[in-house]
Amino acid sequence: MREQAAQPTAILRLTPAEEHSSWAAPLIAEYMRLHPGMQLDYRPSDRLVDLVAEGIDLSLRTTGRRDSGLRAANLAVFDIWCVAAPHYLDEKGTPRRLADLASHDWIAFTRIPHPWTLPTRDGSQSVRLRRRVSTSSTGGGRALAIAGAGVFAAPQLMLEAEVAAGRLVRLLSTLKLPQVTLYAAWAGDREPPAKTRAFIELAKRRLRLAPA
């Protein structure tokens, strides 16, 4: 009875980015199994959400612009992978060095100014990339890469399934390219309530990151 009383019983309102649905959905399903008294309102969105105005408990985002009035916990750190489709590489050749990317078709993010320079993590190397097509989402860039539109870079979390399936090939795997942090953010200046904290801790366990 004490265990049942300690279980969260409420509604958790959660907003990940649209592109995070592939990994967020299994987490949500497990969370619901672990906490049968909970309901969950799942609101994926790529826009910057006002958590207070929209009554959102938790936002899941990768490194980027974040409201300074929010508190956040790091969930995971991911490497950036460069990828391309096998048939694109058959036609254009496989880049062997970072500098080789300068001569390839690049699938760029619309929100990143052109031209964009891709650095290594320690800053010892960088390359100026040639934008051929742009997209506003990781999912869109991944689809374009699979279709053979060019070389694309994104967090490994968004690409590893396609690489494992052979639809994309990871390039320059020995280079230490930049990393991105996946974080959970909530409004207010206090620790999150039990229902929110339970989801954060589950995400940390599944994404294999030590507590922030």
Side-chain angles (χ1 to χ4, degrees), residues 16-20 22-23 46 48 60-66 68 72-185 203-204 206-212:
E18 291 274 5
E19 62 202 32
H20 294 164
S22 60
W23 63 262
D46 287 334
L48 195 63
L60 305 177
R61 294 292 188 271
T62 49
T63 306
R65 186 163 59 97
R66 176 167 62 84
S68 61
N74 290 350
L75 301 179
V77 177
F78 297 106
D79 289 332
I80 293 291
W81 283 9
C82 276
V83 297
H87 57 281
Y88 170 88
L89 298 174
D90 288 342
E91 179 183 349
K92 302 284 188 175
T94 300
R96 303 296 181 188
R97 300 173 302 138
L98 188 65
D100 294 341
L101 292 177
S103 61
H104 279 265
D105 298 336
W106 186 257
I107 302 168
F109 283 111
T110 305
R111 58 183 177 266
I112 296 177
H114 175 68
W116 188 49
T117 299
L118 180 68
T120 53
R121 204 178 303 166
D122 61 4
S124 61
Q125 301 179 62
S126 64
V127 62
R128 199 177 179 90
L129 302 165
R130 182 181 62 174
R131 180 195 303 240
R132 288 299 307 279
V133 61
S134 300
T135 177
S136 61
S137 75
T138 301
R142 182 178 55 210
L144 287 165
I146 292 170
V151 178
F152 182 58
Q156 68 184 76
L157 182 68
M158 308 307 299
L159 300 173
E160 54 193 358
E162 305 297 344
V163 170
R167 290 183 286 271
L168 291 171
V169 176
R170 186 184 177 191
L171 308 173
L172 308 171
S173 60
T174 60
L175 282 178
K176 292 183 178 180
L177 295 176
Q179 295 178 308
V180 295
T181 299
L182 175 68
Y183 64 86
K204 285 181 179 180
R206 293 296 170 258
L207 295 168
R208 300 178 183 177
L209 181 78

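The structure presented is a predicted model; accordingly, all values stated were derived computationally and were not measured.
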Does a side-chain heavy-atom distance below 4.5 Å link Asp105 with Ile107?
no
Can you give each donor-acceptor pair under 3.5 Å made by side-chain atoms of residues 94-103, sequence neighbours left out, with the distance rounded to 0.1 Å?
| unit_1 | atom_1 | unit_2 | atom_2 | d |
| --- | --- | --- | --- | --- |
| Arg97 | NH2 | Asp100 | OD1 | 3.2 |
| Asp100 | OD2 | Arg96 | N | 2.8 |
| Asp100 | OD2 | Arg97 | N | 2.9 |
| Ser103 | OG | Asp100 | O | 3.0 |

Could you tell me the separation between the OG1 atom of Thr138 and the CG atom of Leu157, rounded to the nearest 0.5 Å?
10.0 Å
The side-chain contact (heavy atoms from CB on, under 4.5 Å) partners of Asp90 (sequence neighbours excluded) come to none
Considering non-hydrogen atoms only, spot the tightest contact between Arg61 and Ala17 and give its length.
NH1-N, 2.9 Å
What are the two closest non-hydrogen atoms of Ala84 and Val151, and how far apart are they?
CB-CG2, 4.2 Å
Got a second to check how far Cys82's SG is from Leu175's CG, nearest 0.5 Å?
8.5 Å
Give a yes or no on this: more than 12 heavy atoms of other residues, nucleotides or ligands lie within 6.0 Å of atom CZ of Arg121.
yes
Given the rule in the side chain to side chain contact (heavy atoms under 4.5 Å, CB included) test, do Leu182 and Trp23 qualify, once you have shown the distances and angles that lead to the verdict?
CA-CA 12 Å; Leu182 175 68; Trp23 63 262; 3.6 Å; yes
CE of Met158 to CZ of Arg142: how many Å apart, nearest 0.5 Å?
4.5 Å
Quick one: salt bridge (Lys or Arg N to Asp or Glu O under 4.0 Å) partners of Lys176, sequence neighbours excluded?
none
Residues passing the side-chain contact (heavy atoms from CB on, under 4.5 Å) test with Ala184, sequence neighbours excluded, are Leu58, Leu60, Leu75, Ile200
By side-chain contact (heavy atoms from CB on, under 4.5 Å) - contacts of Gln156 (at least two apart)
Phe78, Asp79, Trp81, Glu160
Do you know which two heavy atoms are closest between Ile146 and His87, and how far apart they sit?
O-CE1, 3.2 Å
Of all the heavy-atom pairs spanning Ala154 and Leu159, show the shortest one and how long it is.
O-CD1, 3.6 Å
Under the salt bridge (Lys or Arg N to Asp or Glu O under 4.0 Å) rule, collect the residues that match up with Arg170, sequence neighbours excluded.
none
Which atom of Trp106 lies closest to which atom of Phe152, heavy atoms considered
CH2-C, 4.3 Å
Restricting to non-hydrogen atoms, name the atom on His104 and the atom on Lys92 that form the minimum distance, rounded to 0.1 Å.
CE1-O, 3.7 Å
